[in-house]
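Have a look at the structure below before the remarks.
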Amino acid sequence: MAASPHTAAPPARFGVVIFPGSNCDADTHDAIETFAGAEGRYLWHKETRLDDLDCVILPGGFSYGDYLRSGAIARFSPLMEAVRRFAAEGGLVMGICNGFQVLLEAGLLPGAMQQNEKLKFICRLVSLKVENDQTPFTRRYRQGQVIQAPIAHHEGNYFIDEEGLAELEANGQVVLRYCDPEGEVTQEANPNGSLANIAGICNREGNVFGMMPHPERVCDALVGGTDGRGVFDSIIDSVRERSGR
Amino acid sequence: MKAKVYITPKAGILDPQGLTIERSLPALGFEGVSNVRVGKYIELELPDGEGAGESLERMCRKLLANPIIEDFEYELIEE
Amino acid sequence: MKAKVYITPKAGILDPQGLTIERSLPALGFEGVSNVRVGKYIELELPDGEGAGESLERMCRKLLANPIIEDFEYELIEE
Amino acid sequence: MSNTTGQDTGQKPAYELLGLTAGEYRGICERMGREPNYVELAVFSLMWSEHCGYKHSRPLLGRLPTEGERILQGPGENAGIVDIGGGLAVAMKIESHNHPSAIEPFQGAATGIGGIVRDIFAMGARPVANLDPLHFGSLDKPRQRFLLDGVVEGIAAYGNCMGIPTVAGEIHFEDAYEDNCLINVMCVGLVRQEDIIRARATGPGNLVVLIGSSTGRDGIGGASILASAEFDETAEEKRPTVQVGNPFMEKKLLEACLEMRDKGLLVALQDLGAGGLSSSSSEMASKGGTGIDIDIARVPLREPDMEPFEIMISESQERMLAVVEPSREAEVMAVCEKWDLDATVVGKVTDTGRLRVFDGDEPIADMPVKALVDEAPTYVVEPRRPEHERDQPLPEDHYPQPEDLGRVLLDLLASPNVCSKRWVYEQYDHMVQTDNALWPGGDAAVLRIKGRRDGIALTSDGNGRRTFLDPRRGGRAVVAEAARNLSCVGAEPLAITNCLNFGNPEKGPIYYQFQQAVEGMAEACEALGTPVTGGNVSFYNESFGQAVYPNPVVGMLGLVEDTGRLGTHRFQNAGDLILLAGDARPAADGSEYQLTVHGEVAGRIPDVDLEGERRLQALVRRAVREGLAASAHDISDGGLACCIAESAIEGGLGAAVDLEALAGGARDGLRPDLLLFGEVSGLVVLSAAPAAARRLQEEAGDVPLAVIGEVGGDRLTFTGAGGPAIDVPLAAAADAWQNALERRMAP
Ligand SMILES: Nc1ncnc2c1ncn2[C@@H]1O[C@H](COP(=O)(O)OP(=O)(O)O)[C@@H](O)[C@H]1O
Ligand SMILES: [Mg+2]
């Protein structure tokens, strides 16, 4: 990404990680660049300098082929060490699909992913209920709002032990749940067997967020909808507010 | 030095693969099979030396198994 | 009766998982590991009886393993 | 090696074991000026196999039109290339992986995707879509369910991991494919015209670099033995080691190759597919008018102790061969290292016109490139019309008309050949790359081109049953259907790629079917202005003397002017009128109705009126682009009733159709069952608001356009003079159509 020719600072600078096997990096980058003034910079998995960034996104794909377990190998890349520090200092980190799996494996988010209940890859539009509209990633949505975004994964069956789940619920860390189009969180609306229909969670501090559905795929009405824009808009708002830009 | 690693889904965790196999067995003529659990079996060769066991243990803990959902055991085979 | 089944990629058959793990190990701080092969490890419970071994063998051949690209071994554990 | 390759050693001579005839062996000796050694013989046997040498098809394929203003690259390269304006081009190619998939469906289909994707990025194009036309036996058989399950998972595993959306395809089930499933895969890529790379090894002294996976014993004999011998009881002994795909490796290969393209490092690029190093190196030399020296001692091996001939013919997946200038070697290695890929200089380009193989310093083979690549013998077989072919269609009263036509509709909607294929395409990541202006399920897929208003439309169609009844008409019909599917979404058909799946061409009737089908396709391609950019021939799809239906599969590319104005098959508004465009008389012959209800495939399919088809499609495209039509859907499997039912189900709106209004012109006096379920080329159902419908009728010119019904309500009714012929709740139709496949595949 070339430096912006303007002197005014951009409203938000995103880093989009490329692990070997990432395949939604370009989609995510495209989505970011459709937002007025937002900048996206690709981050090769061996890079370690993130200090020019406001938000790091780990995109979807099959890092290292998803061999062994999704995200298991990617989490050891030099970049992830930097992401850990970046998050510890309060930087915004979001994992989408495979990126979410990497964050789980890295321990930046609690829990683990198993194979989908029916053992099949699923790609379809699903309904999601926004359970927490106070995070830096969801503030543009309303509590209880139902949005539509596609999932495309083989291992999105979220698991955490009982204690962990109670903690997530108590702290409002469950951010998105699979629901029916009316917003009811039902078993039938659960596409992959995820515990408590969980589709997205954040860490306790709220600055690290992972979701299985793909918001970057629903930022343009021509190709499926615009419900995903709220995620990026929320991040931009949060960055503006923090930096006073 | 050869090593064998056995990784199994943690007790109490739903194992979708095992469950699916268990459900499809009767249709293939296998009745009464239960408690099917599917895990991983990894073979590898390690540099010889005293640290081998410890190194393998670390490898399992850090990479080969995910302790949140999996248990592991291993065997070292001296040749 | 308990049974353990070990499934491994046939010799000569590409094992992309094993290969990828092997290639990434040095970067994770594990040097000198080679011949990593990833297979499956399945535990299950069978009805007791003399036919158990034969039944398990058939089960492996028909469902648990893919004999075209995988080898299997099993153990029956009398309790 | 002691004995010579021509000698009878008590068993058969070596050339025969490798599938060559005595005459072919003599031809090789002549061209070599001596007897070939084993390595040379192995290489020749591959290059002169049906698969690589097109021995039975080459003379006939010449009939296909391959030229057009937009064709930048016709047959002969790794993929065809079509100019879509603005400096951009589309690379496209289709390939079969029938035999490997019949043995191991998951890996067979997965490596099929891997192979076709390499063909596309070998041209310097970024793959943007996969398509998967598939044919299996009846789903009533567990083996067929196993095959479908494995094939779909294999395609999903490989394509999804690569980040290439699988956007369209087709699936048919019929007994003729029981022992020989047809697994065709197509890939489409985008490339800036100045970035196109070709497989021409030019510049003697340039280096030949092997990139990607190490070489193992897999697929040895795949091309020469597996792909050109009948597949029967002896398959067991001929079975090569099954190849396992590594999509992660291929994803890295793809990115590395495109990065090298962007850096201008590649003189030429070629994938290693059937025939491995032998075929890739000799073809590159042939295209470049050069020679190549290969040192097999440098080839990274997966298994120790591989024989030289094994290294030369191994079909290990995920490998590419690049030609690079010596001064750029370091840069090439740097890109490969970045992507953690092995890359090895294994040879160099020469001006000798020969493929020379060395093991270190020791020469082990030396063959004329031209003989290998261009001089495989061709064979012409006496064509014989198969006995089942008929001059006349069945009499229209051949079958009794079923009493409950509503039941027939529900049964047809639930037929695996007609029902929704959602169970399949939801296993594919069909949205990655975020360009789907239309999601799967309609007549064709449409991808936008980022930064432009226009987009590309893609469809694949094959119809073995029709080609079986009349190969020439079937060939015409399959091209017409593909074009019709594109026109229904509003796209202008531009070009095709094709995969010809047939039985053993040495047999007169099969050769006849092949010849006739090619003739029919050629006629339709000429009439519709869609030249052939390349394709693939898969012969010997037969077992125990029983061949598959002759099945030409067409993948067609179209261009949409404005992705904001697309046609879909969904009914949009209650009160819209339903119109039937086109003038053709449907028939039971070769229809899904004939098979599902009357249990046979017989008669002769109606011919395609190519001129009428052209005019019909032009009208449909205009109706869609000008926004006059709210929906457009062509009549194919299941006939008019299923076509309307699909539009109704997907739109969530019922329909009432007047059979009297249908029975004009060519359809005069046709019985209701044939009107409703008969099949024929050349009909499209449109829906439009009343005012738009009037305008359409004014503009239709000489294309007949009849108002036949109205959208609305929650039932599907088709009413004739004697009262309702069909009256079923939309919900029942929807349930039958939407869930049939999932129900069949439930464990
Ligand atoms: N194997 C498949 N893979 C992906 N999509 C498929 C497959 N089979 C069918 N489809 C999709 O389902 C829809 C209906 O297919 P089909 O009935 O063959 O359409 P048509 O008759 O218009 O050619 C199309 O959008 C097609 O692309
Ligand atoms: Mg159609």
Side-chain angles (χ1 to χ4, degrees), chain A residues 63-77 80-81 84 98 100-122 153-165 167-168 187 190-198 201 203 210, chain B residues 1-28 30 33-47 51-76:
Chain A
S63 56
Y64 295 91
D66 273 1
Y67 294 138
L68 194 59
R69 291 180 313 279
S70 326
I73 300 177
R75 73 127 159 150
F76 287 100
S77 58
M80 285 308 293
E81 206 30 64
R84 193 183 302 280
N98 193 239
F100 185 8
Q101 293 160 341
V102 175
L103 291 176
L104 293 172
E105 284 283 342
L108 284 165
L109 288 172
M113 285 296 173
Q114 285 187 287
Q115 287 198 53
N116 294 346
E117 202 173 31
K118 292 199 176 142
L119 309 180
K120 301 267 184 222
F121 190 96
I122 310 171
H153 59 245
H154 200 283
E155 292 173 28
N157 183 351
Y158 180 77
F159 175 83
I160 190 166
D161 60 20
E162 244 171 81
E163 244 169 85
L165 178 64
E167 211 169 298
L168 283 183
Q187 204 42 54
N190 186 340
N192 52 24
S194 264
L195 197 69
N197 283 40
I198 286 174
I201 58 169
N203 63 350
Chain B
M1 189 180 300
K2 265 187 89 159
K4 298 178 175 188
V5 179
Y6 310 90
I7 298 168
T8 47
K10 255 198 160 61
I13 290 219
L14 208 66
D15 170 20
Q17 277 200 73
L19 219 64
T20 304
I21 291 178
E22 197 168 313
R23 288 214 196 100
S24 51
L25 281 169
L28 299 176
F30 302 101
V33 178
S34 62
N35 283 325
V36 182
R37 310 280 288 169
V38 180
K40 291 190 187 114
Y41 171 56
I42 303 177
E43 295 175 340
L44 47 86
E45 233 145 310
L46 286 171
E54 199 190 302
S55 163
L56 185 57
E57 168 96 26
R58 261 196 326 127
M59 212 184 304
C60 289
R61 207 172 288 288
K62 278 184 71 177
L63 174 71
L64 301 180
N66 179 342
I68 299 177
I69 45 174
E70 294 168 328
D71 290 325
F72 63 87
E73 282 179 40
Y74 57 85
E75 260 174 87
L76 277 169

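In this text, all values refer to a predicted model and were calculated from it rather than measured experimentally. Per chain, numbering begins at 1; letters A, B, ... match sequence-line order.
A heavy-atom distance below 4.5 Å is found between the side chains of A:Tyr158 and A:Ile201.
Looking only at heavy-atom pairs under 4.5 Å with chain A, the residue among B:Ala65, B:Gly12, B:Pro9 that has the most is B:Ala65. Interface remark: of the candidates B:Ile68, B:Leu63, B:Ile13, B:Ile42, B:Leu63 forms the most heavy-atom pairs closer than 4.5 Å to chain A.
Surrounding CD of B:Glu54 are at most 12 heavy atoms belonging to other residues, nucleotides or ligands under 6.0 Å away.
For chain B, the nearby part of A:Leu119 is the side chain; its heavy atoms alone come within less than 4.5 Å. In this structure, no portion of A:Asp161 lies under 4.5 Å from any heavy atom of chain B. Proximity to chain A involves both the backbone and the side chain of B:Leu64, based on heavy atoms less than 4.5 angstrom apart. Both the backbone and the side chain of B:Lys62 come within less than 4.5 Å of a heavy atom of chain A. The part of A:Gln114 that comes within reach of chain B is its side chain, from C-beta onward, which places non-hydrogen atoms under 4.5 angstrom from that chain.
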- Message: For A:Arg69 and B:Lys40: C-alpha separation, side-chain torsions, deciding distance, then whether side chain to side chain contact (heavy atoms under 4.5 Å, CB included) applies.
- Response: CA-CA 11 Å; A:Arg69 291 180 313 279; B:Lys40 291 190 187 114; 3.7 Å; yes
| query | Could you go step by step and tell me if A:Met80 and A:Leu108 meet the side chain to side chain contact (heavy atoms under 4.5 Å, CB included) rule? | reply | CA-CA 10 Å; A:Met80 285 308 293; A:Leu108 284 165; 4.1 Å; yes
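Taking CE from B:Met59 and CG from B:Leu46, the interatomic distance works out to 5.0 Å, rounded to the nearest 0.5 Å.
Salt bridge present: B:Arg61 and B:Glu57 bring a charged side-chain N and a carboxylate O closer than 4.0 Å.
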